[in-house]
Amino acid sequence: MGNSANTNKEKVLVTSALPYANGRIHLGHLSGAYLPADIYVRYKRLNGDDIIYICGSDEHGVPITITADNEKVSPKVIIDRYHELNRLAFEKFGMSFDIYSRTSLLIHHETAREFFKTYFDQGLLVEKKSLQFYDEKVKMFLPDRYVEGTCPRCGNEEARSDECEKCGSLYEPSELKNPKSKISGETPVLKETSHWYFPLGKFQERLEKYVSEMSEKFGWKENVLQYCRGWFKEGLKDRAYTRDLDWGVKVPVDEAEGKVLYVWFEAVLGYISATKELSQKRNEPELWKKFWQMNDTKYVAFIGKDNIVFHTIIFPAMLMAWNDIQSDKYILPQNVPANEFLNFEGKKFSKSRGWGVDVLDFLDLFPPDPLRYTLAANLPENKDTDFYWKEFQSRNNGELADILGNFINRTFTFVFKHFEGKVPPLGKLDKIDEDMIKLIEEYPVKVGELIDRYKIKDAVFEMMNLARAGNKYFNDSEPWVTVKKDKEKCATALNICLNCIYTLAELFEPVIPFSTEKIFKMLNSTKCNWNTSGRLNLKEGHLLGQSEILFTKIEDKVIDEQINKLGKPDGDVKPVDEEITIDDFKKVKLRVAVIKNAEKVNKSEKLLKLKIDLGNEERQLVAGIAKSYEPEQLIGKKVLVVANLKPAKLFGLDSQGMVMAVDTSEEGKVKLIEIDNSVSPGTLAK
RNA sequence: GGCGAGGUAGCUCAGUAGGUUAGAGCAGUGGAAUCAUAAUCCACGUGUCGGGGGUUCGAAUCCCUCCCUCGCUACCA
């Protein structure tokens with residue numbers, strides 16, 4: 001019954017996905033990989049386990065260089081900015097990382113190169129030479145999906161550089177006709193390059209065994225297994241380990257000038273290098289090995305669902321490959337409790353659409369604990385869930401303030417009024433008292449088991465249930481009656497209530513640490529080992545501290561204000577638009593057209609086939625507006641059309657031009673630019 | 001169109017080794033109480049468990065089929 005101290009301590013290594021230093025983190029990130037991990041870690045610490053919690057910024061890869069180019073600064077500026085912002089956001093939110101490192105540090109580059117070199121020297125990596133398109137304007141090799149042209153087999157004009165998805169044929173980039181860079185629009189040139197590939201396929205059998213064994217032993221989540229099965233079913237293929245790019249970890253081979261390690265084969269190693277950094281900081285050189293290279297370590301990797309393949313397949317494969325060759329062997333993740341996604345008021349987070357809220361902005365408005373509690377009570381453990389402002393308000397007001405806060409407040413007020421702020425003596429116990437004492441004692445066990453099984457949502461629900469039980473016990477004991485008739489009985493009830501609060505403080509510490517710290521202070525006490533927290537630890541006569549209101553209510557108008565802000569992109573996301581000259585603009589011929597006819601394009605979700613009248617000619621045009629308009633409502637509308645756009649084929653249909661439309665706050669939906677009825681078709685816009 | 005997930009009370013959801021009257025929180029209605037941040041506690045649900053078909057003595061839970069929603073993906077010139 002949880003009355004023995006923790007005798008078999010676990011050695012636990014916990015990591016949370018490294019956030020990408022190319023933007024601010026928002027509430028969805030917290031729900032996916034950070035808050036559940038923090039709750040788990042804080043619980044484990046209270047439980048007396050030997051645990052470290054590792055995280056840091058992922059600072060390489062193409063998107064960061066693109067942001068840097070757009071702002072005309074170096075990538076270093078970008079990563080420094082977001083590393084610092086996200087570190088601060090985590091700190092304010094109460095994340096208890098043992099270290100928040102970053103992959104731009106030398107120790108990480110060295111670690112990543114060491115892995116590559118090990119594979120390379122053993123001949124594990126497969127070198128493949130190929131001709132790749134190179135964009136001379138932006139001076140970079142173009143990934144396949146950034147090039148398009150005409151398929152040499154079927155004539156499809158939107159083929160990628162190495163395959164055509166229309167006819168399914170594969171070919172060499174040199175065969176592609178009329179290649180265009182999707183980045184600059186220029187015609188790229190072919191340049192020979194070579195890359196090393198990691199032979200994932202060789203590891204498939206062992207990976208499948210690894211996943212099924214771990215899952216069987218440690219109960220992996222169903223959603224994680226589903227993703228793995230999908231990848232295994234498709235068959236694992238060789239994956240390029242290097243990229244032609246100058247931002248990242250340089251490939252440690254002479255002939256690899258201008259190449260870096262592909263960020264996904266390098267970022268996951270950030271967990272290891274961050275632990276090495278922690279080792280240095282603590283001046284315990286063996287610390288990282290104790291966690292990473294001794295097989296009594298339980299390694300748990302918290303991530304969001306988009307990251308599953310990297311943590312259940314690629315990272316384990318890399319570690320296996322290392323272990324095959326080296327004498328110091330790494331342990332593999334024992335569990336990867338990936339969460340699904342948190343949406344925001346019914347739709348997914350989108351910074352550009354102003355949908356959602358980032359962590360720093362949120363914490364400027366509200367304290368961290370109500371957010372931690374609301375997110376924790378609604379984690380996307382089994383499926384996507386939503387953050388609703390109204391729910392946030394109701395969890396804060398109805399649960400934290402009314403149930404938990406008020407229970408604590410009514411107890412303290414009573415004890416100060418009638419017992420001089422000291423823990424009253426425990427007298428003769430009636431059945432109701434014995435039942436309550438027993439109930440309190442059961443909670444740490446029950447909640448602990450749930451957290452151990454990563455059922456954090458359920459654990460949080462149980463925590464609040466103890467507060468509910470506290471209120472019920474208070475009501476049923478009627479101390480406001482017994483204080484006059486039977487002071488001993490009254491004292492007993494308050495003693496038990498105070499001890500219930502002590503247990504609540506311990507149970508809630510992983511979820512709302514800022515508030516529980518206050519509760520411990522009010523109790524003039526400190527946290528204890530988890531397993532002893534359900535007992536009657538506060539003794540008769542113990543002097544209590546100053547009491548305070550823990551959670552203030554949030555007014556409707558504060559919440560309404562936030563709801564009203566939704567869908568309005570905030571001012572600080574200004575895309576930096578490239579300047580053009582008036583002559584550039586004059587190349588574009590925008591003309592007014594009347595829509596004569598509109599019909600759906602077969603088998604397409606977004607496309608409509610339009611017949612338009614440009615005054616002196618009729619044209620067919622294919623537009624991606626099917627999600628926004630029904631064909632019937634379009635007929636007769638006067639719209640603006642790019643008249644001199646090079647014709648294209650879409651779904652086999654000719655499209656001569658493009659209708660102008662603007663984005664809306666609703667994803668995938670647009671609004672046509674409509675022209676006043678008095679303007680005649682064919683009129684040029686300027 | 002391809003792949004994946006999901007459709008259970010007004011709302012948010014739990015519930016699969018198939019089995020007595022299908023659950024919780026919130027909201028709503030009624031009541032008790034007054035120590036407390038007008039906070040608490042108790043009582044109250046005629047829900048086609050998305051539709052249809054099937055397997056079974058018995059299905060929300062297994063199979064088939066259809067409908068709808070969401071995500072990724074293709075198409076958005």
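Note that the structure is predicted; figures quoted are calculated from it, not measured. Chain letters run A, B, ... following the sequence lines, proteins first and then strands; every chain starts at 1.
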Side chain of A:Arg468 (C-beta onward), nearest among B:C26, B:A24, B:A77:
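The closest nucleotide is B:C26.
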
Roughly how many Å is it from [atom1] in [X] to [atom2] in [N], rounded to a whole number?
| X | N | atom1 | atom2 | answer |
| --- | --- | --- | --- | --- |
| A:Leu607 | B:A77 | CG | P | 8 Å |
| A:Leu608 | B:A77 | CG | P | 11 Å |
| A:Asp306 | B:U73 | CG | P | 11 Å |
| A:Trp231 | B:U73 | CH2 | P | 12 Å |
| A:Lys347 | B:C72 | NZ | P | 14 Å |
| A:Tyr473 | B:C42 | OH | C1' | 19 Å |
| A:Lys609 | B:A77 | NZ | P | 16 Å |

Kindly write out the residues that satisfy ring-ring contact (aromatic ring centres under 6.0 Å, His included) with [X], not counting sequence neighbours, or none if the list is empty.
| X | value |
| --- | --- |
| A:His29 | A:His26 |
| A:Tyr20 | none |
| A:Tyr388 | none |
| A:Tyr227 | none |

Write down the distance separating the [atom1] atoms in [N] and [M], rounded off to the nearest Å.
| N | M | atom1 | value |
| --- | --- | --- | --- |
| B:U69 | B:G51 | C1' | 15 Å |
| B:A14 | B:U55 | P | 31 Å |
| B:C64 | B:A27 | P | 42 Å |
| B:U61 | B:C70 | C1' | 23 Å |
| B:G45 | B:C57 | P | 34 Å |
| B:C49 | B:A60 | P | 7 Å |
| B:C68 | B:C63 | P | 22 Å |
| B:G47 | B:C13 | C1' | 15 Å |

- Message: According to salt bridge (Lys or Arg N to Asp or Glu O under 4.0 Å), who are the partners of A:Asp476, at least two apart in sequence or on a separate chain?
- Response: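 A:Asp476: salt bridge (Lys or Arg N to Asp or Glu O under 4.0 Å) contacts with A:Lys472.
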
According to the Watson-Crick and G-U wobble definitions, with both distances under 3.5 Å, which nucleotide is paired to [N]?
| N | result |
| --- | --- |
| B:G23 | B:C13 |
| B:C35 | none |
| B:A5 | B:U69 |
| B:C49 | none |
| B:C44 | B:G28 |
| B:C75 | none |
| B:A60 | none |

Letter by letter from the 5' end, nucleotides 4-15 of chain B scores (B base, S sugar-phosphate only, - none; protein heavy atoms under 4.0 Å) -SS------SS-

Comparing nearest nucleotides in RNA chain B, the 5'-proximal residue of the pair A:Met658, A:Asn343 is A:Asn343

[X] side, atom [atom1]; [Y] side, atom [atom2] - distance, nearest 0.5 Å:
| X | Y | atom1 | atom2 | answer |
| --- | --- | --- | --- | --- |
| A:Leu684 | A:Arg591 | CG | CZ | 4.5 Å |
| A:Asp386 | A:Asn343 | CG | CG | 5.0 Å |
| A:Ser31 | A:Phe387 | OG | CZ | 9.0 Å |

Taken in chain and number order and not counting sequence neighbours, the residues that satisfy side chain to side chain donor-acceptor pair (under 3.5 Å) with A:Arg239 are none

A:Thr374 meets the side chain to side chain donor-acceptor pair (under 3.5 Å) criterion, sequence neighbours left out, with none

**Request:** Tell me what A:Glu399 touches on the nucleic acid: a base, only sugar-phosphate, or nothing, going by heavy atoms under 4.0 Å.
**Result:**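 If one applies the 4.0 Å heavy-atom cut-off, A:Glu399 turns out to touch the sugar-phosphate alone, with no base involved.
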
By the 4.0 Å heavy-atom rule, please label A:Ala623 as base, sugar-phosphate, or nothing.
sugar-phosphate

Between A:Leu375 and A:Leu27, the two heavy atoms sitting closest are CD1-O, 4.3 Å

N/O contacts under 3.5 Å, protein versus nucleotides 28-38 of chain B?
residue, atom, partner, partner atom, Å
B:C35, O2, A:Arg410, NE, 3.2
B:C35, N3, A:Arg410, NE, 3.3
B:C35, N3, A:Arg410, NH2, 2.5
B:C35, N4, A:Arg410, NH2, 2.9
B:A36, OP1, A:Lys417, NZ, 3.3
B:A36, O3', A:Asn409, OD1, 3.1
B:A36, O2', A:Asn406, OD1, 2.6
B:A36, O2', A:Asn409, OD1, 2.9
B:A36, N1, A:Arg410, NH2, 3.4
B:A36, N3, A:Asn406, ND2, 3.0
B:A36, N3, A:Arg410, NE, 3.2
B:U37, N3, A:Phe551, O, 2.6
B:U37, O4, A:Phe551, N, 3.3
B:U37, O4, A:Phe551, O, 3.4

